[in-house]
2 protein chains.
Amino acid sequence: MNLKQLSEHLGLSQTTVSRALNGYPEVNETTRRRVERAAAEGNYRPNLRAMSLATGKAMAIGHVVPVAHKNDVVNPVFAEFVAGASQTYNLHGYELMLTIAETKNEESIYRSLAAKRAVDGVIVHSPLRDDPRLALLNEIGLPFVVHGRVCDSKTEYNWIDMNNRRAFKQATQLLIDLGHKKIALVNGQETLSFAWLRRQGYEEAFKDNQLEIEPAFLSSAALTETYGYEKASELLALEKSPSAFLVSSYIVALGIRRAISQAGLNIGKDISVIIHDDELSYFDNSAAVPQFTSTRSSVREAGILAAEMLLKQIDDPGLYPQTQLLESHLTIGSSTGPYKA
Amino acid sequence: MNLKQLSEHLGLSQTTVSRALNGYPEVNETTRRRVERAAAEGNYRPNLRAMSLATGKAMAIGHVVPVAHKNDVVNPVFAEFVAGASQTYNLHGYELMLTIAETKNEESIYRSLAAKRAVDGVIVHSPLRDDPRLALLNEIGLPFVVHGRVCDSKTEYNWIDMNNRRAFKQATQLLIDLGHKKIALVNGQETLSFAWLRRQGYEEAFKDNQLEIEPAFLSSAALTETYGYEKASELLALEKSPSAFLVSSYIVALGIRRAISQAGLNIGKDISVIIHDDELSYFDNSAAVPQFTSTRSSVREAGILAAEMLLKQIDDPGLYPQTQLLESHLTIGSSTGPYKA
DNA sequence: ATCAAAATCCAAAGCGCCTTGAATTACTGA
DNA sequence: TCAGTAATTCAAGGCGCTTTGGATTTTGAT
């Protein structure tokens with residue numbers, strides 16, 4: 001069923017039917033209702049491609065998720081973020097176009113999306129400290145929102161981020177207050193800006209308390225369970241081993257927990273652990289007393305907000321770049337306790 | 001840069017340029033090269049929407065991922081599957097349109113996708129034992145491939161699945177061979193067909209060995225870490241507690257491991273655990289001696305194959321329904337050992 | 001040199017929608 | 001009653017591409 005058929009069926013012109021359905025004022029209310037009823041009965045929806053062509057809007061948003069290599073880790077955060085964004089798009093009649101792209105192909109994918117007019121804007125995932133995608137997207141003139149921030153950017157741009165620096169400073173301070181000094185930071189890859197900012201928070205807390213950082217306690221890598229396990233095993237075997245771990249994700253913490261229990265130690269008693277909790281739905285850390293003390297921030301919520309921000313930008317291209325900094329909530333669980341010598 | 005501009009620039013008709021770029025034979029090789037060069041220089045790509053409208057093909061595939069309620073668990077398997085599928089689409093010039101949909105909205109989303117002509121076909125995720133989506137998609141005539149199988153379907157349809165029944169039968173048999181009789185099955189929701197089939201495999205092994213199933217040892221729920229922890233804690237506290245766990249996912253097994261170590265027991269010695277391993281990239285279980293004994297099957301690979309199957313079906317709508325059953329590999333890790341009284 | 005066949009190229013129609021500008025009808029006040 | 005205005009409706013053009021059917025040029029064999 002297309003517009004032509006529908007309008008013939010109704011004995012009206014295509015113009016009138018189109019206007020009736022799109023809420024234009026210059027159509028009689030009675031007619032409008034008649035049209036709407038017929039459209040519903042015939043299960044009529046405007047052909048998306050024809051509509052797009054006529055209006056010049058793709059009614060789609062691109063999400064380009066980078067992976068380093070073909071079979072590399074897909075950041076588990078992305079599914080949750082996308083679940084949030086998808087909610088927003090559904091509400092506004094937009095589609096979500098997803099591409100998982102190897103980093104080396106990213107530029108050509110963005111260019112292609114723009115040239116093909118496949119999307120009205122994109123969400124940039126996993127920004128780097130100094131991310132070439134900003135310049136690229138500005139050059140090709142595709143509206144975008146970054147999930148995270150680009151630390152070294154000179155220009156303004158739309159972003160939404162969790163306050164990584166503050167979260168990790170706060171968490172470090174909590175550990176210091178508990179008497180810990182040997183605090184290992186098990187971080188994500190520090191070319192990624194979120195990890196870099198977390199490290200800064202960690203360092204600031206040490207500086208504020210005039211404590212020295214032990215370089216061996218700093219590590220960064222892709223956030224897998226194995227990484228957590230291996231790093232913690234290694235650190236716990238040291239003569240001067242850490243008494244606390246500050247960990248960038250729940251998944252990594254699971255590996256750390258494995259190493260700790262294998263070493264015969266007790267989380268929350270012998271060793272303290274604080275994680276950042278993105279509130280992934282299959283890792284529920286929200287019990288009355290959560291298993292992990294954590295800095296918490298819903299990444300699904302971030303997805304909703306990022307999508308809203310982007311749609312706003314698309315609606316009004318003249319808008320001054322929007323930014324939004326979400327605060328995390330430090331929640332005490334059973335994985336932290338006072339330092340024991 | 002659009003076709004009109006490009007053809008004017010070249011002093012050719014739009015017809016010729018279009019044909020040159022689309023590989024039609026009726027164009028001089030010299031001309032074709034000239035056109036291709038100019039197109040590359042001008043970074044010309046056909047407008048996707050215009051192309052779609054003209055050809056009647058959307059050049060997009062829909063993935064509708066169901067969640068029970070708005071903030072419910074997004075199956076972590078989906079991200080990995082989609083990463084595979086996306087590879088295939090990139091290769092063939094298709095886009096991936098993603099919707100996270102509450103179950104109650106699914107029907108309207110499929111109908112809308114079809115009526116809007118937004119996609120050429122869809123992948124059906126997380127099929128139920130008796131899934132209404134098959135009839136729906138057949139009714140609206142949208143090509144589809146199911147990731148998994150619908151147990152009670154009378155009609156033929158395209159699917160790709162892992163041999164869940166055989167995998168869990170084999171795993172159960174391994175445990176029985178090791179002397180275990182009290183084997184707990186920690187399964188996914190058994191309205192979902194994968195979980196139902198796994199349960200059947202488990203039951204068949206028991207029957208083959210003339211063993212009785214203890215009903216208290218069967219459980220099923222959404223696959224979260226917490227579920228694993230709580231269920232294992234509960235079972236281990238029983239007077240007659242299981243000596244082995246057969247677990248539907250890595251994530252759930254992490255919770256079980258937590259419960260086991262909290263009970264002061266040792267995995268692989270006091271208690272055996274076998275998991276099904278979807279080879280999620282952030283849970284690497286592929287060490288020389290993996291931490292978990294597992295039935296293994298790459299869900300990313302399944303994504304690649306499912307996408308190829310669907311594209312084939314779209315290319316040739318007359319094709320007889322294709323099916324593909326992937327076998328898993330039983331790999332011995334350090335989480336299993338002989339039964340100790 | 002000639003003519004049919006093959007090789008190139010082109011003009012124009014059409015995909016399904018929105019939107020401009022004009023035409024028709026209904027309503028208002030004098 | 002009638003012009004003047006407001007309320008409805010419509011015809012037609014255009015978005016950027018593919019494709020049909022036809023026109024033109026080249027080629028090859030006689």
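Every chain is numbered from 1, with letters handed out A, B, ... down the list of sequences. Keep in mind it's a predicted model, so treat the numbers as computed, not measured.
Side-chain N/O atoms of A:Thr16 include one lying less than 4.0 angstrom from OP1 or OP2 on D:dC10. Within the 4.0 Å cut-off from OP1 or OP2 of C:dC9, not a single side-chain nitrogen or oxygen of B:Asn28 is found. Contact between the side-chain N/O atoms of A:Thr31 and the OP1/OP2 oxygens of D:dT9 is found at a separation under 4.0 Å. A close approach under 4.0 Å does occur between a side-chain nitrogen or oxygen of A:Tyr24 and OP1 or OP2 of C:dT19. An OP1 or OP2 oxygen of C:dC10 is reached within less than 4.0 angstrom by a side-chain nitrogen or oxygen of B:Ser13.
At a threshold of 4.5 Å between non-hydrogen side-chain atoms, the residues A:Arg111 and A:Glu139 count as touching. Counting heavy atoms from C-beta outward, B:Val145 and B:His147 have side chains that stay 4.5 Å or more apart.
Heavy-atom neighbours of A:Arg133 CZ from other residues, nucleotides or ligands within 6.0 Å: above the threshold of 12. Within a 6.0 Å radius of CZ in B:Arg149, other residues, nucleotides and ligands contribute more than 12 heavy atoms.
Judged by atom type and distance alone, A:Thr15 reaches the base of C:dT19 through a side-chain donor-acceptor pair under 3.5 Å.
The separation between A:Lys4 atom NZ and C:dG14 atom P is 9 Å, rounded to whole Å. Taking atom OH on B:Tyr44 and atom C1' on D:dC17, their separation rounds to 7 Å, with Å as the unit. When rounded to the nearest whole Å, the span between CG of B:Leu10 and C1' of C:dC9 equals 14 Å. Straight-line distance from the CZ atom of A:Arg19 to the C1' atom of D:dA12: 13 Å, rounded to whole Å. Across the protein-nucleic acid pair, A:Lys57 atom NZ and C:dT19 atom P stand 11 Å apart, rounded to whole Å. Between the NZ atom of A:Lys116 and the P atom of D:dC17 there is a distance of 13 Å, given to the nearest Å. Taking atom CG on A:Asn22 and atom C1' on D:dT9, their separation rounds to 16 Å, with Å as the unit. Computed from coordinates, the B:Met59 CE to D:dG16 P distance equals 20 Å when rounded to whole Å.
Side-chain rings of A:Tyr44 and A:His9 stay apart, their centers remaining 6.0 Å or farther from each other. Taking the six-membered ring for Trp and the full ring otherwise, the centers of A:His125 and A:Phe81 sit less than 6.0 Å from each other.
Between B:Glu29 and B:Arg117, the one whose closest nucleotide on DNA chain C sits nearer the 5' end is B:Glu29. Comparing A:Leu12 and B:Leu53 by the nucleotide of DNA chain D that holds the closest heavy atom to each, the one mapping nearer the 5' end is A:Leu12.
For the atom pair CZ of A:Arg129 and CG of A:Asp131, the computed distance is 12.0 Å after rounding to the nearest 0.5 Å.
The backbone N or O of B:Asp278 lies less than 3.5 Å from no partner atom in the side chain of B:Ser297, so there is not a single donor-acceptor pair.
Contacts of B:Ser18 with the nucleic acid, taken as non-hydrogen atoms under 4.0 Å apart, include base atoms. Residue-level contact check: B:Ser52 touches neither bases nor backbone, having no heavy atom under 4.0 Å from any strand.
Each end of the helix from C:dA1-D:dT30 to C:dA30-D:dT1 gets its own rotation axis from five pairs of C1' atoms, and the angle between them is 40° to the nearest 10 degrees.
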